[in-house]
Each structure stands twice: as C-alpha cells, then as structure tokens.
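Quick note on labels: first sequence line is chain A, next is B, and so on, each numbered from 1. Being a predicted model, the structure only gives us computed values, none of them experimental.
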There are 2 protein chains.
Amino acid sequence: METSSRRQPTLDEVAARAGVSRAAASRVINNVPHVSAAKRAAVEEAVRELGYVPNNTARALASRRTGTVVLAVSSDEPGLFADPFFAEVTVGVSSFLEQTDLELVLLLANTARGKERLRRLLSSHRADGVMLMALRGDDPLGRLAEQTELPVVFGGLPMAGTPRWYVDPDNRGGGRLAAEHLVGRGRRRIAMITGQPDLQAAVARAQGFREALTLAGLSPAGVEAGHFTQTGGEAAMERLLAEQPDLDAVFAASDGMALGAMRALRRHGRRVPEDVAVVGFDDLAGALYSDPPLTTVHQPVRALGHEMARSLVAAVEGEDPNPLILPTRLVVRESAP
Amino acid sequence: METSSRRQPTLDEVAARAGVSRAAASRVINNVPHVSAAKRAAVEEAVRELGYVPNNTARALASRRTGTVVLAVSSDEPGLFADPFFAEVTVGVSSFLEQTDLELVLLLANTARGKERLRRLLSSHRADGVMLMALRGDDPLGRLAEQTELPVVFGGLPMAGTPRWYVDPDNRGGGRLAAEHLVGRGRRRIAMITGQPDLQAAVARAQGFREALTLAGLSPAGVEAGHFTQTGGEAAMERLLAEQPDLDAVFAASDGMALGAMRALRRHGRRVPEDVAVVGFDDLAGALYSDPPLTTVHQPVRALGHEMARSLVAAVEGEDPNPLILPTRLVVRESAP
DNA sequence: CTGAAAGCGCTAACAA
DNA sequence: TTGTTAGCGCTTTCAG
C-alpha cells in the first residue's frame with residue numbers, strides 16, 4: 001500500500017536550494033521572525049521552484065500539535081447526520097476553520113466501533129480539540145469529554161452538568177416564543193410534539209413552552225414525544241389527535257416533526273391553520289417550502305457551527321472558558337399567521 | 001499552545017513493561033505474525049494496563065501513510081454542503097470508513113482559500129486518498145485530480161474526460177424514467193427545470209429526458225435552468241409559466257427544485273397533479289412530506305457515498321480502476337400519480 | 001521468531 | 001540573526 005512513488009521535496013532540499021540552513025528555511029515557512037530579508041526571499045524562491053508543501057505529519061510529530069480538530073456526532077441513529085441541521089452546522093464549522101490552518105475530521109459515532117473510536121480519541125491526544133454534538137442523556141462519552149485534557153466544546157448542552165465550553169441555542173426561550181405566539185393568536189387548546197426526553201434541547205424547548213402556557217393560565221392540550229424526524233412528528237400527531245380531537249394548535253420541537261404533523265393533520269381533514277395552527281422549530285430550508293409555509297422558531301444553526309469552531313480554537317489556545325447562548329426568534333408564516 | 005501535560009504511554013513503555021523489544025510490541029499491535037504466543041499475550045497485557053493508544057502521527061510519519069482520506073466538495077456556493085444530498089452522501093461514506101481505520105477529513109472548498117487548500121492537497125501526499133464531488137465544468141481541480149498520483153475517486157462525473165475511478169448515479173436513465181412516466185400518464189406538454197449547464201449531472205438528466213420525449217414523438221414544452229435549490233426551482237417555474245402557460249407537466253432535476261416549482265404553481269392557482277404533474281429527482285426525505293407527496297426519481301445517495309469510500313480504499317490499495325454506475329428508479333407518489 | 005539500528009520530515013531549544 | 005543538535009513515536013529493513 002505504497003501511496004507515492006515520486007517523492008515530495010523536503011525542507012532540507014528547499015534549504016539546500018536556497019543556500020541556507022534548514023532552521024532558517026523552517027523559520028521562513030512558519031513566518032517566524034529572526035530571518036534576514038535576503039534569506040527569506042531566497043527560501044521563498046526555492047519553495048516556489050520546487051513546489052514545496054510542508055509535510056503535515058512530520059510537523060505534527062515534531063510540534064506535538066496535530067493541526068486537526070474533530071466534529072463528533074455521537075448517536076444511535078445511523079442516519080442522524082443526514083438531518084439538514086447537522087449539515088448546516090458543519091457548514092458553519094467549516095466556514096470558521098477555513099480562516100485557520102486546521103483540518104476538520106468528521107466522526108459519526110453511531111455504532112459500537114464508532115463510539116469506541118471516539119472514546120479512544122477523547123482519551124488520547126490525536127487531535128487538537130473536539131466539538132461534540134447530539135449527546136444523549138445516558139451517553140458515557142459526556143463524562144469522558146468533561147474529564148479529558150483535550151479541549152472539548154459541546155454543541156448543545158448535555159443532560160447533566162455544565163461543561164466548561166459550550167455553544168447552545170436558546171431552546172427554552174424559543175419554546176416560550178412559540179407558545180406565546182399561539183396564545184396571542186387566540187389558540188387555547190395547544191398541544192406539543194416534543195423530542196426524546198434524554199435530549200437536553202427537547203427538554204428545554206418543552207420547558208419554555210410549558211412556562212409560557214402557565215403564564216397565560218393555560219395548560220398543554222397534550223404532549224407527545226417522538227424522534228426529531230418527519231416520521232416521528234407524524235406518529236406523535238396521530239396520538240395527539242386520538243387523545244385530544246379538539247386541539248386547535250400544535251408546537252413541534254423541530255421543523256421535520258412539524259411537517260410530519262401537517263401530513264397527519266391533512267390526512268384527518270384538518271386544515272392548517274384554520275383548524276389547527278402549527279409552529280415548528282429550526283427554520284431550516286424546508287420550512288419555507290412546505291404547504292402552507294411553516295411558522296417556526298428560528299435558531300442560528302450555521303452560526304452555531306461557526307461559534308463552536310471559534311470556541312474550540314480559543315480553548316485550544318488556552319483562553320478562559322466562554323460559554324455561549326445564541327438567540328432564537330419567531331418567524332411567522334402561514335401555518336400559524 | 002501546548003495540547004497536553006500528562007503524557008501518553010509510548011510503545012517503548014509498553015515493550016519495557018512486557019519485557020520485549022519495541023519491534024515485537026509493534027508487531028503485536030499491528031497484528032503482524034512472527035510473534036510467539038507468550039510475547040503476544042504479554043504485550044496485550046501491557047497495553048491494557050497502561051491504556052496504550054498508538055500515536056497516529058508517528059505511525060503515519062514512519063509508515064508513509066496518513067490513515068486519512070478526504071471528502072472534498074469543490075463549489076462556489078458557500079452553503080452547498082447544506083443540501084441534504086451531501087449530508088446523505090457523507091453518511092454513506094462514513095458508514096463504509098467505519099469498517100476501516102481511516103479517518104474522514106471534510107474539505108468544503110468554496111472560497112479561494114479553500115480551493116487553494118484542496119489544490120495543495122492534490123499536489124502533495126497529505127492524505128491517502130481523496131473523494132471529489134460537485135465539480136463544475138470549469139473547475140481546474142478536475143484536471144489536477146486526474147493527474148495527481150494520489151488516488152482520487154470522483155463522486156459524479158466531471159464535464160470533460162472520464163476519470164479512472166468514479167461512482168455516478170444513472171442520471172441519464174433517471175431523466176428517461178421521468179419523461180416516460182409523464183408521457184405514459186397522458187401528459188403532452190412537458191417542461192423541464194434543469195440544473196446549471198456546467199454540472200454533468202444536470203446535463204445528463206436533461207439528456208435522458210429529451211431522449212425519451214423524442215422517442216415518444218414529443219419535444220419539451222420548455223426547458224429552464226436554475227440552481228439545484230428550491231429558490232432556483234421556483235424562479236425557473238415562473239419563467240416556464242410565462243413562456244408556456246398551457247404546460248401540463250414538469251420534470252425538475254432535483255427534489256428541491258420540484259418543491260420550489262410546486263410553490264410557484266400553487267401561487268398561480270395551478271393544481272398539482274390535476275393541472276400540472278410534477279416529477280422530481282433525488283428522493284430525499286423532503287419528497288415524501290411535501291404536499292402533495294412528490295413523484296421522483298430515486299437515486300441511491302447513501303450508497304453513492306458508501307461506494308465512493310469503498311472505491312477509494314480499493315484505489316489506495318492499488319486495485320485496478322472499477323468505475324461504478326448506480327441505478328435510479330421511479331417512485332410514484334401523488335404529484336404525478 | 002527476534003532485536004538492533006536507521007530513519008520518516010520537521011520543530012525547537014540552545015549555543016554561537 | 002544564525003546554525004547545530006536532539007529528538008517527536010513509530011515502522012521497517014536487516015541480520016541473527
């Protein structure tokens with residue numbers, strides 16, 4: 001399994017060509033001062049002529065820095081990453097890392113093997129830092145991540161404990177916004193489709209929702225939990241309709257769930273929004289193109305990724321922890337005008 | 001920027017602990033034969049006791065293999081990767097790599113910096129191989145990718161030339177299926193919303209579509225190009241309606257475009273499918289949950305990723321090129337029953 | 001089957 | 001501002 005035949009030029013060759021020591025060449029290439037202009041120019045020239053590209057591996061070994069950060073999604077659902085949410089986060093992460101020299105390693109840990117890999121990663125030093133997402137309540141990786149000396153930034157909070165570094169959307173506030181909007185529009189029999197109870201985001205959204213209802217003197221017309229997917233939302237809506245046929249609004253903890261709910265409502269002959277108003281959460285691309293377009297709680301998903309990456313770099317550079325809560329806001333469309 | 005303080009155990013320490021030479025320890029850890037059972041056991045024991053994890057960087061430097069493959073998406077649209085298509089491909093790639101010891105590096109090259117990084121990657125040997133997607137017709141990285149000695153697998157064909165290794169869905173066949181279906185359902189004024197003409201997938205889908213129409217003695221009621229997005233599809237549909245108000249069907253080159261088209265149709269008071277039948281391409285999650293559910297050409301997106309990774313590993317291991325065309329099939333739903 | 005020895009290509013003291 | 005000197009931790013001949 002020999003990867004190459006034609007060898008890449010080495011730093012020594014560049015140095016020889018430029019007529020300087022390897023140390024000087026190294027300094028130029030790493031933009032370290034203490035090099036005369038003449039030497040600098042000579043080295044740059046040699047680099048160009050030889051087409052020199054530094055060998056990252058050797059650099060990593062010598063400097064004890066890998067030049068690599070990991071985005072890890074720990075989950076039991078193999079296809080979880082296919083949720084547009086993660087793609088959008090990834091774009092945000094990448095947009096920040098592009099300004100640095102760090103490489104992004106993607107680790108989708110949804111099998112025993114994958115989890116073991118993540119475990120080894122967290123207990124070794126094979127990356128400069130880790131961004132960790134989608135942690136479930138019972139995931140032992142949470143503890144491990146908080147104990148390791150490797151810098152770790154949580155995307156979304158774990159169920160228990162508060163990590164040193166995290167970036168989290170204001171889920172509770174978002175849940176509140178959704179409920180307030182529906183109440184303000186005169187709805188009174190408001191149900192909720194929440195996510196699995198071992199996901200902090202799901203719990204927080206439901207909590208905000210309940211708080212706002214209570215403040216309005218109402219209580220939920222029903223709460224059903226499901227997966228953060230269209231199928232999950234559809235099934236939950238079916239159950240809600242069975243329990244509370246007279247509900248006049250529903251708040252779903254994700255846009256996907258809201259779409260599934262609308263499908264169930266349609267099948268039951270309920271008009272949206274006339275009979276039942278629907279509010280989602282996320283404001284991903286699908287929300288605008290559903291029929292009717294979905295009123296939803298916007299969370300800044302791409303910014304979430306961007307800030308996770310920024311935080312991680314700060315953590316790697318030894319800055320003091322600076323947890324971040326990103327604001328959410330309501331986007332009103334026709335499903336709950 | 002010191003990443004660690006507590007040092008990881010080294011192979012030497014393991015060897016010392018097990019009372020064997022470093023070479024022997026190395027053999028055990030890499031499952032190389034020529035080690036006595038006794039020594040093997042002793043090393044395994046030491047590994048467990050010390051919690052030894054091999055240092056990938058050192059291993060890579062010594063073995064001249066990085067243990068890393070890159071999934072590169074070269075594009076000018078910063079958010080392209082947010083398309084569910086790529087997320088699904090990524091899941092497929094990851095599902096294959098999980099069976100290996102390879103790490104997945106994600107390189108979203110949508111800025112000058114990102115492209116430069118990809119260029120350097122292709123002209124150096126800083127990864128064991130590269131999977132390259134979304135190449136546009138004019139992308140100079142295409143040539144570079146075909147010339148480099150680094151194993152490269154194309155996900156989707158480039159506009160010009162045929163790479164040694166690629167995995168491509170049967171786009172042309174898919175386009176044909178869509179047209180045949182619409183013709184078979186009695187539609188006669190069939191338009192198409194195609195993708196940008198510098199994307200091979202868009203061209204191939206349009207080509208198949210035209211072929212099937214011709215075979216049926218028809219010609220397109222109009223063809224408009226747009227971005228592979230909902231917005232792109234919506235705008236293209238608007239233009240088609242302006243040109244050909246009497247069209248009775250439309251084939252969109254992606255599900256996203258089809259959703260956008262349905263939105264435009266709705267706004268113009270056209271019923272789907274009664275007035276205008278709509279067929280999409282992809283069969284991503286959104287297709288099932290649109291209203292009405294979308295008839296679409298299914299392409300095995302996750303499998304595409306899986307096969308790209310499998311091919312890359314084969315390429316890295318020096319096997320002979322084995323390009324792959326994956327089948328597409330029609331999924332009939334209510335937008336074109 | 002085993003171990004010694006020679007690097008992989010680069011960085012980082014340190015002394016000059 | 002320079003160059004010399006040791007490694008970083010592992011793999012891989014090569015003799016034994």
Nearest-angstrom distance from the residue atom CG of B:N56 to C1' of D:dT11: 13 Å
Under 3.5 Å side-chain donor-acceptor pair for B:S74 and B:D139: yes
Salt-bridge criterion met for A:R64 and A:D128 (N-O under 4.0 Å): no
Residue B:A23, side-chain heavy atoms: nucleotide from D:dT11, C:dC10, D:dT12 that is nearest: D:dT12
B:D101 with B:R59: basic N within carboxylate O range, under 4.0 Å: no
Contact under 4.0 Å: A:R65 side-chain N or O vs C:dA12 OP1/OP2: yes
More than 12 heavy atoms of other groups within 6.0 Å of A:R113 CZ: yes
Please list, for nucleotides 14-16 of chain D, all pairs of protein and nucleotide N/O atoms separated by less than 3.5 Å.
none

DNA chain D contacts among residues 30-51 of chain B, heavy-atom distance under 4.0 Å: B:N30
Nearest-angstrom distance from the residue atom CD1 of A:I29 to C1' of C:dG9: 12 Å
Residues forming a side chain to side chain donor-acceptor pair (under 3.5 Å) with A:D320, sequence neighbours excluded: none
Non-neighbouring partners of B:R40 that pass side chain to side chain contact (heavy atoms under 4.5 Å, CB included), sequence neighbours left out: B:V28, B:N31, B:V35, B:E44
Residues which pass side chain to side chain contact (heavy atoms under 4.5 Å, CB included) with B:T57, listed by chain and number, not counting sequence neighbours: A:T57, A:A60, A:L61, A:T66, B:N55
Salt bridge (Lys or Arg N to Asp or Glu O under 4.0 Å) involving A:R17 - partner list, sequence neighbours excluded: A:E49
Side chain to side chain donor-acceptor pair (under 3.5 Å) partners for A:E307, two or more places apart: A:R310
Distance test, side-chain N/O of B:S26 to OP1/OP2 of D:dT11, below 4.0 Å: yes
Divergence of helical axes at both termini of the helix from C:dC1-D:dG16 to C:dA16-D:dT1 - five pairs an end, 10° steps: 30°
Produce the list of close N/O pairs, under 3.5 Å, pairing protein atoms with atoms of nucleotides 6-8 of chain C; give distances to one decimal.
unit_1	atom_1	unit_2	atom_2	d
C:dC8	O3'	B:R64	NH2	3.3
C:dC8	O2	B:A62	N	3.2

Residues in side chain to side chain contact (heavy atoms under 4.5 Å, CB included) contact with A:S95, at least two apart in sequence or another chain: A:H306
Nearest non-hydrogen partners of B:L304 and B:V89, listed with the distance: CD2-CG2, 4.1 Å
Gap between atoms OH and P, on A:Y52 and C:dG9 respectively (whole Å): 10 Å
Partner set under side chain to side chain contact (heavy atoms under 4.5 Å, CB included) for A:P323, not counting sequence neighbours: A:Y166
Ring pair (Phe, Tyr, Trp, His ring centres under 6.0 Å) pairs, two or more places apart, involving residues 60-94 of chain B: none
